[in-house]
Peer 1: 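Can you keep this structure in mind? I'll have questions shortly.
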Amino acid sequence: MEFHHLDPKEFYSKPTPRPKGSRRAVPATPVTPIPLPALVPSTQERLRAPRRTDWEKIHDILGVISKDLGGLGNFLKLLFYLRPHGTKDVRTNRHKTMVTQFLGGKTNVKMGHIIDLIYNHRQSQPPTNTEERHLAFSHQTLHTDMCFARPALSSWALVLVAKEARKQIGDLTNNDPTDPTDTTQMRASSNGRAKDAVVADWEKLTENLSISKMAAKYSRRGSVPWYLTEMMSAPTKGGAVVVRQRRPHTTIQVGAISSFVLSRNRYASGYLALPLAVWQFACKSHVDEKRIFSRFGFTVHDSTARACLDALTDTGLEKLRQSVAEGVAVGEMRWQYVLDNVQKFCRQRDLRLGRQDILKVGCAATAILLEDCAPGAFDLQDHLDRVMKQERKEMTTETLFDDIDWDYIHELTALHWVRILVTFIPQLAHLRKAVEAAFNSDRMTKHRLPRNRKTVVQPLGTNAERETETQGMMRAMLDFEKQMGLDEKAMEGLIITPRGDGASIAAMWRIKKYLSAHPSHYKAFRNRVPPGPEIWHTRWTKLNAISSNCFGPATAKDPFALSKSATAAGAKRPGDLKKVDFWPTSRSMILFFEARVLDCWRISFGADDIITHFSTCTSTLPDLDTLWANARTLVRRYASQQAYHQALSRDFSDSASEDMKVPRGTSWTAPIDPNAHHERATENLLELDETADGVAQSETFVEPDEEAPEENISDSDEMGRKKSKKQSRPYGGPGFFGRSNSRK
DNA sequence: TCCAACTTACCTTAACGTCG
DNA sequence: CGACGTTAAGGTAAGTTGGA
């Protein structure tokens, strides 16, 4: 490699070998012609011939070569005579030894030096006007057919390198024999007859899908194409390869080589082509896009991707059944499943006889791996024993209430208030890291999922059962359990937790109720224990409750109605307040909440504008502890149950402690003519049915979730007046964010 | 190393759905 | 009604395998 950096001129001017290891140190000195002995005047007759120089010696040798061997070409051909296999070696020992030593690099001058000398020799380059001038690096003309040395050498090297690159890409199309986990050739499908065919599964598809892993593999197993593509793709600085921050060339090399590999062998799709094709399917890429990427060799064909997905499902289900069976064998239930209904309305747009619009109804489910479970957690007998004890009688709203760690929730809420402030105020940006660290601290984290935990899931096949019908739900559950390999025998002595939304859970409990008289635990569904509605579903019903209670009419007069906030923020008011879209509604509510929190902060700083307050602030900025302490007070004052009571009662408000006193502002005047406003509001009331509902609900606090216990519904007026022992809690109230204590 | 049989991927075709 | 999109079927090309 070093020779690339050597100045070829050194070799022209230094025919004699230099001492070992000092190639660079010796300065290039011009060769001065040495006068021949005959020209030197002498007075004394010499006894020995004067010592010849190298130039003289080579002159003599060349004379012999020319005379006896017919020229340099023939001499070199004889010198490097390649004995055909099976023939006798006619060379003398001296001949053999010298050539062996030279070709083996045992001499001071090695072949590499000679190549440089020949390649860079002035006479090796064809003159400008000759045809051979254009044959440099030619792969079409054989190097043996060329006259000049330089094009012959470059063409020979090109063909040699191309051959090797081709061979190495060819090697890359096969599984690495030294690596048993290598899945270069991963089949999308197989009928099982092909020996050792590796069929795709999710693990194999994803475990090698890493650019850095592929780069390592390509550079190790295909060093020549790797070097070539690096030279072609990498930017350089002062001759050295630079890895760019954006669009690094290694990724491009991986992409290019993956395409080359697929082009050579379409079975070699395991690196990039198969995962990318599956990804394109998942992205619902346009069919033309898939075709084009397939033509470029970036991905396999769409039909292969579909075959692969079939294989993934088959192998996935097979693995699921295996894992379930392994658990059952040691008396453990390692999986649970969550189900929901799926519907698709298929309208017949092309009307023909005997066709009509249909609603396709069915049930879909996903199996979920349970991790970190206590041994015996899914033991049926233990569960039945506990049910028999009827301890549930002891559980009341109060006991649940007392189970809540209110101090923790208060602390966490206050920290959220700090977070809202420091993310909004640029001058407090330096505290953001500290706030994040506080959220991650041991004190503020309760029962977190382990970092890097990825829940293992396996989709189950859908069926055409109606989950709303009790019998349909029963058949659906039996079908999903069967897919998981759970029959009566496997379920013996174990419980499983089927999960779903409110309606699904209700249907499951209904099944258990109707079948409760059956003696078999399995047939009575006693070993199916639904844990309660999914959290995402309860969040959604809660969001519906807040929406229908707090949005108010579209033109609400109440400045605290969410409709007002929505108008101010330019957010969309949900069309159906009882069935809101989860994300847009929750995002707008978070936005309103954070805006109001910032306003509370503004009041606490005594500022008219919080941004101006901080940009013109000359005193030292508060640290995290100060802000957190202030936030605790603010949360108590503005966002606790006690604050809510205070806002409703003048007496409470007046007798509040210093910390809880809300500073009085100026009285509010309507910005527009109140009469005109009233008229507009009335108009809207006539147009919108649900607005009347909204008004009524905002005053009575109706829980729209039909599964919520009825006793929780209470009168807000009563909530305001009643006092309980829990109101003496330090942070200002029992419910905090929780429900009222109206049952006291 | 070659060849035939077999396997697997590619790609066109066509049926049918969707949309303006 | 025409254009376009999705999807599965099936023919064909191109690999692999195993034996001579």
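Hydrogens, waters and symmetry mates play no part in the numbers below; they use all other heavy atoms, side chains included. Proteins get letters first, then strands, A, B, ... in listed order; numbering begins at 1 in each. The shown structure was predicted, so the numbers you read here are calculated from the model rather than taken from an experiment.
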Peer 1: Roughly how many Å is it from CG in A:Asp302 to P in B:dC10, rounded to a whole number?
Peer 2: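 A:Asp302 atom CG is separated from B:dC10 atom P by 10 Å.
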
Peer 1: Checking all strands, does A:Ala188 fall into the base, sugar-phosphate, or nothing category for heavy-atom contacts under 4.0 angstrom?
Peer 2: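 Since only primed, P, OP1 and OP2 atoms lie under 4.0 Å of A:Ala188, the category is sugar-phosphate.
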
Peer 1: Strictly below 4.0 Å: does A:Gln185 bring a side-chain N or O up to OP1 or OP2 of C:dT16?
Peer 2: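 True: A:Gln185 side-chain N/O within range (under 4.0 Å) of C:dT16 OP1/OP2.
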
Peer 1: Can you measure A:Arg264 atom CZ to B:dA9 atom C1' for me and round it to whole angstrom units?
Peer 2: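 One finds 18 Å between C1' of B:dA9 and CZ of A:Arg264, rounded.
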
Peer 1: Please list all pairs meeting salt bridge (charged side-chain N to carboxylate O under 4.0 Å, His left out) that have one or both residues in residues 320-329 of chain A, counting only residues at least two apart or in different chains.
Peer 2: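 Listed once each, the pairs are A:Glu318-A:Arg321.
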
Peer 1: Whether the A:Thr173 and A:Arg264 side chains hold a donor-acceptor pair (N or O, under 3.5 Å, no angle test) is what I'd like checked.
Peer 2: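 Note: A:Thr173 and A:Arg264 side chains miss the donor-acceptor criterion.
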
Peer 1: Take atom CG of A:Leu262 and atom P of B:dT8, then tell me their distance rounded to the nearest Å.
Peer 2: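 Answer to the nearest Å: 17 Å.
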
Peer 1: Nearest whole angstrom, please: distance from the C1' of B:dT8 to the CE of A:Met186.
Peer 2: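 After rounding, the reported distance stands at 15 Å.
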
Peer 1: Between C:dG5 atom P and A:Ile292 atom CD1, what is the distance in whole Å?
Peer 2: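 Atom-to-atom, A:Ile292 to C:dG5, this comes out as 12 Å.
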
Peer 1: If you pin A:Lys290 and A:Tyr267 to their nearest nucleotides in DNA chain C, which one's is more 5'?
Peer 2: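 Result: A:Lys290.
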
Peer 1: Between A:Ser504 and A:Asp501, is there a side-chain donor-acceptor contact under 3.5 Å, judged purely by atom types and distance?
Peer 2: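 Yes, a side-chain donor-acceptor pair sits under 3.5 Å.
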
Peer 1: Side chains of A:Tyr267 and A:Thr184: do they bring a donor and an acceptor to under 3.5 Å?
Peer 2: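 There is no such pair (donor and acceptor under 3.5 Å, judged by atom type) between the side chains of A:Tyr267 and A:Thr184.
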
Peer 1: Within the structure, does a side-chain N or O atom of A:Asn265 lie under 4.0 Å from either OP1 or OP2 of B:dA9?
Peer 2: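 Indeed not, no polar side-chain atom of A:Asn265 lies that close.
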
Peer 1: Do A:Gln185 and A:Arg187 have a side chain donor and acceptor closer than 3.5 Å?
Peer 2: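 A:Arg187 and A:Gln185 do have a side-chain donor-acceptor pair below 3.5 Å.
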
Peer 1: When the distance from CZ of A:Arg187 to P of C:dG15 is rounded to whole Å, what number comes out?
Peer 2: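 About 11 Å, once rounded to whole Å.
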
Peer 1: May I ask you to evaluate whether A:Arg306 reaches the phosphate of C:dA8, defined as a side-chain N or O under 4.0 Å from OP1 or OP2?
Peer 2: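 Checking A:Arg306 against C:dA8: at least one side-chain N or O falls below 4.0 Å of OP1 or OP2.
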
Peer 1: What does A:Ser269 touch in the nucleic acid at a heavy-atom separation under 4.0 angstrom: a base, only the sugar-phosphate, or nothing?
Peer 2: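 Nothing: the residue A:Ser269, judged by heavy atoms under 4.0 Å, touches no strand.
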
Peer 1: Let me know the distance between CG of A:Asp310 and P of C:dA9, rounded to the nearest Å.
Peer 2: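 In whole Å, C:dA9 P lies 11 Å from A:Asp310 CG.
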
Peer 1: Ignoring hydrogens and angles, answer whether the base of B:dC11 and the side-chain atoms of A:Ser303 contain a donor-acceptor pair closer than 3.5 Å.
Peer 2: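 When only heavy-atom distances are counted, A:Ser303 does reach the base of B:dC11 through a donor-acceptor pair under 3.5 Å.
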
Peer 1: Just to confirm, is there a sub-4.0 Å distance from OP1 or OP2 of B:dC11 to any side-chain nitrogen or oxygen of A:Arg295?
Peer 2: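 Looking at the OP1 and OP2 atoms of B:dC11, one of them is under 4.0 Å from a side-chain N or O of A:Arg295.
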
Peer 1: Distance check needed: C:dT7 P versus A:Arg291 CZ, whole Å only.
Peer 2: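 Result: 12 Å.
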
